[in-house]
Enquirer: 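The structure is given below, and queries will be raised subsequently.
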Amino acid sequence: MRNFDSIRSHLQAAQFRLTDHDVDVLCIELSLEQGTRHQAIFLSELDDDDGRPYLRVSTAVAPITGLDAKRALIFNWQSRVGYLAIGDLDGVPHLQLCENRPYDGLDAAEIDRLVLEIGGLGDRMERMLSAGGDLF
């Protein structure tokens, strides 16, 4: 994948449910557990300090109000894929599960794997942190 448009084209061809949120932001509505759960996955492009493009795959997990920061930091330490961050969602700070990958070496299979892995893990974390809720 050379650019964000090629990623968008691949996701459309792979028949993911996409919605555009901005020129450089896509949202995938991922259906999980035979449609009983859902997770919104966001893909965006960002550049590092030397201008090299990266793909960011992220999903909201829970509002940070009442969240145990120690559990989140333990997850960050133990996780092999993804990291936790706080991002704004409609004016409310939320815990987000993210993964950044340089475009170099990204192929269609890796993009699919990232979307499904971040989406599934984000949904499991959301369920754990919201007493089984499905907010995102």
Side-chain angles (χ1 to χ4, degrees):
M1 300 287 150
R2 297 175 194 251
N3 57 42
F4 199 67
D5 286 333
S6 64
I7 291 170
R8 177 185 283 115
S9 295
H10 162 70
L11 294 169
Q12 288 169 332
Q15 298 184 356
F16 282 103
R17 262 184 55 206
L18 293 179
T19 56
D20 286 314
H21 279 268
D22 203 346
V23 174
D24 56 355
V25 178
L26 292 174
C27 178
I28 295 174
E29 296 295 331
L30 197 59
S31 179
L32 302 164
E33 296 185 17
Q34 289 93 26
T36 61
R37 297 191 58 84
H38 300 86
Q39 194 71 19
I41 314 300
F42 294 90
L43 290 90
S44 57
E45 181 176 89
L46 50 117
D47 296 324
D48 70 4
D49 292 339
D50 66 358
R52 212 169 95 183
Y54 279 72
L55 175 67
R56 172 173 285 167
V57 180
S58 64
T59 187
V61 174
I64 64 166
T65 54
L67 194 65
D68 181 2
K70 182 178 177 183
R71 286 174 64 190
L73 291 172
I74 289 170
F75 169 85
N76 265 359
W77 180 255
Q78 295 173 344
S79 180
R80 290 179 301 280
V81 175
Y83 62 91
L84 295 175
I86 295 175
D88 189 66
L89 185 63
D90 296 329
V92 178
H94 278 73
L95 186 66
Q96 302 233 359
L97 178 63
C98 308
E99 180 73 27
N100 297 333
R101 293 288 173 86
Y103 277 56
D104 300 342
L106 263 184
D107 62 13
E110 181 67 3
I111 290 169
D112 293 349
R113 190 189 69 72
L114 279 171
V115 167
L116 296 173
E117 190 166 31
I118 294 298
L121 181 55
D123 184 65
R124 288 190 301 278
M125 291 180 71
E126 176 185 3
R127 184 185 314 204
M128 180 185 73
L129 294 171
S130 66
D134 191 18
L135 306 171
F136 308 103

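Small disclaimer: the values here were computed from a predicted structure and weren't measured.
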Enquirer: Hey, could you give me the NE2/OG1 distance between His94 and Thr65, rounded to the nearest 0.5 Å?
Expert: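 His94 NE2 to Thr65 OG1: 8.0 Å, rounded to 0.5 Å.
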
Enquirer: Please round to the nearest 0.5 Å and tell me the distance separating atom CZ of Arg17 and atom CG of Leu30.
Expert: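 Interatomic distance, Arg17 CZ to Leu30 CG, rounded to 0.5 Å: 9.5 Å.
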
Enquirer: Any side-chain to backbone donor/acceptor pair from Ser79 onto Asn76? Under 3.5 Å, distance only.
Expert: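 Not at all, since once roles are kept as given, no pair shorter than 3.5 Å links the two residues.
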
Enquirer: For Ala40, does its backbone N or O pair with a side-chain atom of Thr59 as donor and acceptor, under 3.5 Å?
Expert: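 Yes, because the side chain of Thr59 sits within donor-acceptor range (under 3.5 Å) of the backbone of Ala40.
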
Enquirer: Can you see which heavy atom on Ser44 is nearest to which on Val25, and at what distance?
Expert: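 Answer, listing the atom of Ser44 first, then Val25: CB-CG2, 4.1 Å.
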
Enquirer: Heavy atoms only: give me the nearest Ile86-Pro93 pair and the separation to one decimal.
Expert: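 Looking at all heavy atoms of both residues, the closest pair is CG2-CB, 3.9 Å.
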
Enquirer: With a 4.5 Å cut-off on side-chain heavy atoms, are Gln96 and Phe42 touching?
Expert: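 With C-beta onward as the side chain, the pair stays apart.
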
Enquirer: Output all residues satisfying salt bridge (Lys or Arg N to Asp or Glu O under 4.0 Å) with Arg124, sequence neighbours left out; order by chain, then residue number.
Expert: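 Salt bridge (Lys or Arg N to Asp or Glu O under 4.0 Å) list for Arg124, sorted by chain: empty.
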
Enquirer: Within a strict 4.5 Å, meaning less than it, do heavy atoms of the Thr19 and Leu26 side chains meet?
Expert: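 Result no, sub-4.5 Å side-chain heavy-atom pair not found.
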
Enquirer: Does the Gln39 side chain pair with the main chain of Ala60, one donor and one acceptor, at a distance under 3.5 Å?
Expert: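 Confirmed, Gln39 side chain pairs with Ala60 backbone.
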
Enquirer: Is the shortest heavy-atom distance from the side chain of Phe16 to the side chain of Ile111 under 4.5 Å?
Expert: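 Contact flag for Phe16/Ile111 side chains = no.
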
Enquirer: Ser31 versus Glu29: any side-chain heavy-atom pair under 4.5 Å?
Expert: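 Sidechains of Glu29 and Ser31: no contact.
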
Enquirer: At what distance, to the nearest 0.5 angstrom, does CG of Asp24 lie from CD1 of Ile7?
Expert: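 Asp24 atom CG to Ile7 atom CD1 measures 11.5 Å (nearest 0.5 Å).
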
Enquirer: Considering non-hydrogen atoms only, spot the tightest contact between Met125 and Val61 and give its length.
Expert: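 Closest approach of Met125 to Val61, heavy atoms only: CB-CG1, 3.6 Å.
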
Enquirer: Do Tyr54 and Arg52 have a side chain donor and acceptor closer than 3.5 Å?
Expert: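 Indeed, the side chains of Tyr54 and Arg52 share at least one donor-acceptor pair under 3.5 Å.
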
Enquirer: If you take all heavy atoms of Leu95 and Ile64, which pair is closest and at what distance?
Expert: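 Heavy atoms only, the tightest pair is N-CG2, 3.5 Å.
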
Enquirer: At their closest point, which heavy atom of Val115 faces which heavy atom of Val57, and how far apart are they?
Expert: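 Closest heavy-atom pair between Val115 and Val57: CA-CG1, 4.5 Å.
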
Enquirer: More than 12 foreign heavy atoms under 6.0 Å from CG of Asp50: is that the case here?
Expert: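 Counting neighbours around CG of Asp50, more than 12 heavy atoms of other residues, nucleotides or ligands fall under 6.0 Å, so yes.
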
Enquirer: Is atom CZ of Arg113 surrounded by more than 12 heavy atoms (other residues, nucleotides or ligands) closer than 6.0 Å?
Expert: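 Yes.
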
Enquirer: Could you state the interatomic distance from CZ (Arg37) to CZ (Arg127), rounded to the nearest 0.5 Å?
Expert: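 Those atoms lie 4.0 Å apart.
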
Enquirer: Rounded to the nearest 0.5 Å, what separates atom CG in Leu11 from atom SG in Cys27?
Expert: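 The distance works out to 11.5 Å.
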
Enquirer: For Asp123 and His38, work out which heavy atoms get closest and say how close.
Expert: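 What the structure gives for the nearest pair is OD1-O, 3.9 Å.
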
Enquirer: For the CG atom of Leu116 and the CD1 atom of Ile28, what is their distance to the nearest 0.5 Å?
Expert: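 Atom-to-atom, Leu116:CG and Ile28:CD1 are 8.5 Å apart.
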
